[in-house]
Amino acid sequence: MVASLNREQQAAVEHGDGPLLVLAGAGTGKTRVLVHRIARLLESGVAPWEILAVTFTNKAAREMRERLVALCGPVAERMWIGTFHATCARLLRRWGEAIGLPRDFLIFDDDDQQKALTALIKEAGFEDQISARTIAARLDYAGNRGLDPLTAFGGPGGDYATQFLEVIVPRYRERLAREKAVDFAGLILKVLELCRHPEVGPRLAGLYRHVLVDEFQDTNLVQYELVRHLSSITRNLTVVGDDDQSIYAWRGAEPRNLLDFDRDFPDVVEIKLEENYRSTSVILDAANAVIGKNLDRRGKALWTERGGGDPIEYLACGDDRGEAETVARTLRGLVDDGACSPGDVCILYRTNAQSRPLEEQLRRFRFEPKVVGATAFFDRKEVKDAIAYLRLLANPDADSAFERVVNVPPRGIGAATVDKLREVARARDVGLLAAARATVRGHGPAFGGASLGAAARKKLGAFVDLMDGLAGVRDGGATLAELLIQVVERSGYREFLEHDDGDGADRMRNLAELVNVASDYQAETADDEPGEGGDAADGADGADAPAARGLAGFLERVALVGAADGADGRGETVTLMTIHMAKGLEFEVVFLCGMEDGLFPSLRPREETDEQAALEEERRLAYVAITRAKRVLYLASARLRRVWGELKAQMPSRFLDDIPPGCFALPRRPAATPAIPRPPAPRRAARPARDEFDQRTWDDDVPVIRHDDDEASGFAPGVTVRHQAFGRGRVVAAHGTGSQQRVVVEFPGIDPTVPMTKTIDARWLARE
DNA sequence: GGTGGTAGACTTTTT
DNA sequence: GTCTACCACC
């Protein structure tokens with residue numbers, strides 16, 4: 001912390017006005033430069049609310065704020081640091097009314113979106129032809145690129161899915177509007193709309209004197225446009241990034257924003273940071289060798305003044321469980337020898353599914369695994385239910401929340417009743433809760449011809465009373481935590497869970513945790529309040545009832561941030577996360593698991609993505625993973641891995657071959673190689689003999705790998721196949737082998753002239 | 001309207 | 001292997 005900045009870092013910090021680009025490798029002190037630069041700006045008289053700092057994750061935002069406060073004191077607390085999404089939410093709360101967005105809008109997360117789309121698809125009678133998932137993927141794709149989902153896929157009329165999008169998308173937008181909700185993509189698009197607004201646009205452009213963006217290689221076109229607008233008056237735009245760490249191309253990130261920055265800002269000052277302060281040279285050599293194989297990159301070589309370091313250890317294990325056990329045992333050894341403490345360690349993997357065996361084995365070796373999952377906690381059903389109650393309290397027109405909770409816990413209000421309510425709601429053009437109220441308060445069953453039996457009305461009446469009672473709690477000066485307790489209590493949820501003999505107790509604990517999260521949130525924002533008041537983006541809107549305000553903020557936090565990672569005080573906590581989550585972090589000791597071809601690199605064939613580009617992105621991911629380690633790096637792989645309950649023979653990752661042999665410790669098996677035999681014969685026989693892939697064996701010191709997709713197992717293009725649900729179709733393409741085989745099949749769609757194309761697991765197909 | 005059983009999907013990666 | 005959405009049954 002006290003260490004001085006090097007020449008390049010200093011130059012970046014001291015840079016005055018005008019555009020600045022810092023192209024910085026891993027571990028070169030990127031964030032440090034940003035923090036010092038902001039501190040410098042504050043020192044030179046720029047007010048905190050005149051600075052906007054955008055980070056990629058909430059965690060990064062939190063960390064940056066902490067470092068800034070440590071460096072220049074509480075003044076930094078008055079500055080806005082946030083992700084693109086959080087920043088946009090903030091701008092919309094302040095200015096959104098200009099484009100007709102209510103101030104208390106809610107944020108639809110992916111799950112909400114999925115549910116809404118499912119309902120709309122069903123309503124339109126398309127459920128056999130298109131999935132909510134497909135439509136959501138397309139909305140996401142288009143939203144990340146600033147495209148119209150109706151024209152983004154194929155020319156006039158579009159492709160197969162477009163015909164459904166044309167019906168569903170407008171209805172989806174209506175639904176968002178009715179529920180006063182904005183989805184993730186919408187957050188940014190709506191702010192862009194604001195930027196084009198004749199009055200608000202110019203004000204936004206002048207709102208900040210300095211705009212700084214971290215991890216700029218991960219911004220997409222839409223985000224870039226926003227940044228450009230926000231900095232268009234002063235042009236004081238600082239961007240920091242590393243093209244080698246671009247790992248979000250799949251969601252529209254454009255590393256070109258970084259590399260071609262001078263196209264939009266010809267007068268940009270560019271500074272390169274290449275001296276790495278984080279890792280040993282062994283680790284750096286490995287990272288450089290891996291990334292060096294990428295062709296599409298701006299050459300940049302990391303170096304360090306320090307030499308040597310512990311060699312990288314390769315743990316070749318029997319199966320996924322054995323891998324987990326070896327990792328846990330090795331770590332236990334390190335900790336017991338005093339080589340490191342659990343808090344210094346991170347266990348990384350490519351896919352979330354890999355965490356489970358690791359968690360189990362870590363527990364077995366007396367560690368407390370902590371999985372840093374994006375949303376794990378807030379994805380729990382009971383948590384989502386409780387949140388849905390809050391959403392309905394925040395906005396009585398939140399029909400999706402109403403549908404979620406009206407019969408949770410079961411109170412005898414079934415689908416039939418809700419259907420009738422929907423009719424009433426449509427006839428009177430009100431929300432479901434209002435419709436329920438009108439129905440039970442005896443404004444008669446006359447609306448829309450819907451009639452409800454006395455029993456149904458009684459039950460519905462109880463629900464309306466419940467919500468009214470809770471609204472009373474909300475307005476009666478209760479804290480968020482108290483409100484939540486009342487929700488859980490009065491809704492009967494607690495009682496419901498208590499009588500559950502399964503995991504009811506666990507679920508109750510989750511709800512208790514949610515109450516804690518709420519109370520933390522309120523404590524936290526109470527502190528922030530004075531600081532935020534002076535903020536440029538925050539108007540004088542203190543008139544709202546405090547409870548209601550807290551509610552909207554809390555719901556926003558839940559949608560955007562998830563849980564702030566709680567204090568992991570307990571002794572032997574070890575952190576686990578995906579590589580994606582680890583970007584920007586560093587650890588003394590890193591275990592990188594699942595170093596197997598097909599898993600990492602993923603090599604998942606996807607339509608319309610260039611295979612080479614995909615592999616390069618995987619390689620960048622490997623680069624990110626390796627450079628997380630400061631001192632000690634373990635790479636682990638399994639010969640057999642359970643995928644969907646089936647054992648699969650795995651080959652070591654090709655990335656292992658890219659690492660110079662000199663970086664490794666002498667070939668050594670882990671002390672306790674689990675007694676798992678070599679891949680069973682049948683499985684090997686199942687592989688086509690001609691596949692050069694298999695030349696590699698586990699005993700090769702310098703293995704050679706080749707990979708090839710093969711279409712040899714009977715699903716060649718043109719073959720006619722049958723699927724239980726979709727009937728007869730024609731194979732267009734096939735990817736993968738064995739249980740991994742995915743086949744692209746064309747089925748006749750509703751419109752015979754427009755075929756329906758589906759990618760299906762080969763296991764569900766029969767040849768005809 | 002609630003329930004228990006089962007077929008199908010699910011495993012890239014996230015705000 | 002695990003979770004879910006849906007269906008047949010009560």
Can we say A/Asp243 and A/Arg620 salt-bridge, meaning some charged N sits less than 4.0 Å from an Asp/Glu carboxylate O?
-> no

When the distance from CD of A/Gln650 to C1' of B/dT11 is rounded to whole Å, what number comes out?
-> 12 Å

Return the value, rounded to whole Å, for the distance between atom CG of A/Asp183 and atom P of B/dT14.
-> 19 Å

Considering only side-chain heavy atoms of A/Thr417, which listed nucleotide, B/dG1, B/dT13, B/dT15, is closest?
-> B/dG1

When A/Ile413 and A/Glu617 are each assigned the nearest nucleotide of DNA chain B, the 5'-most assignment goes to A/Ile413

Is the cationic atom of A/Arg619 (NZ for Lys, CZ for Arg) positioned less than 6.0 Å from the six-membered ring centroid of A/Phe655 and within 45 degrees of its normal?
-> no

Hey, do the aromatic rings of A/Phe108 and A/Phe184 have their centres closer than 6.0 Å?
-> no

Between C/dT2, B/dT13, B/dT14, which nucleotide gets closest to the side-chain atoms of A/Thr351?
-> B/dT13

Under the 6.0 Å and 45° cation-pi test, does A/Arg251 pair with A/Tyr248?
-> yes

First encountered from the 5' end of DNA chain B, between A/Asp140 and A/Gly414 = A/Gly414

Does B/dG1 have OP1 or OP2 sitting under 4.0 Å from an N or O in the side chain of A/Asn407?
-> no

Between A/Lys459 (NZ) and B/dG2 (C1'), how many Å, whole number?
-> 10 Å

A/Asn144 CG to B/dT14 C1': how many Å, rounded?
-> 10 Å

Give a yes/no answer on whether the side chain of A/Ser602 brings an N or O atom under 4.0 Å of OP1 or OP2 in B/dT13.
-> no

Check every strand shown and say whether A/Ala416 touches a base, only sugar-phosphate, or nothing at a heavy-atom separation below 4.0 Å.
-> sugar-phosphate

Taking the six-membered ring of A/Phe402 as reference, does the NZ or CZ atom of A/Arg404 fall below 6.0 Å from its centre and within a 45° cone about the axis?
-> no

In whole Å, what is the span from the CD1 atom of A/Ile121 to the P atom of C/dA5?
-> 14 Å

Length of the CG-C1' vector between A/Leu603 and B/dT11, whole Å | 15 Å

Shortest side-chain distance from A/Ala353, nucleotide among B/dT11, B/dT15, B/dT13 | B/dT11

From CZ of A/Phe84 across to C1' of B/dT15 the rounded distance in Å is 11 Å

Rounded to the nearest angstrom, tell me the gap between atom CG in A/Asn352 and atom C1' in C/dG1.
-> 17 Å

Can you tell me if the side-chain N/O atoms of A/Arg133 get under 4.0 Å from OP1 or OP2 in B/dA9?
-> no

According to the 5.5 Å centroid and 30° plane-angle thresholds, does A/Phe56 stack upon the nucleobase of B/dT15?
-> no

Distance check: side-chain N/O of A/Thr57 vs OP1/OP2 of B/dT14, anything under 4.0 Å?
-> no

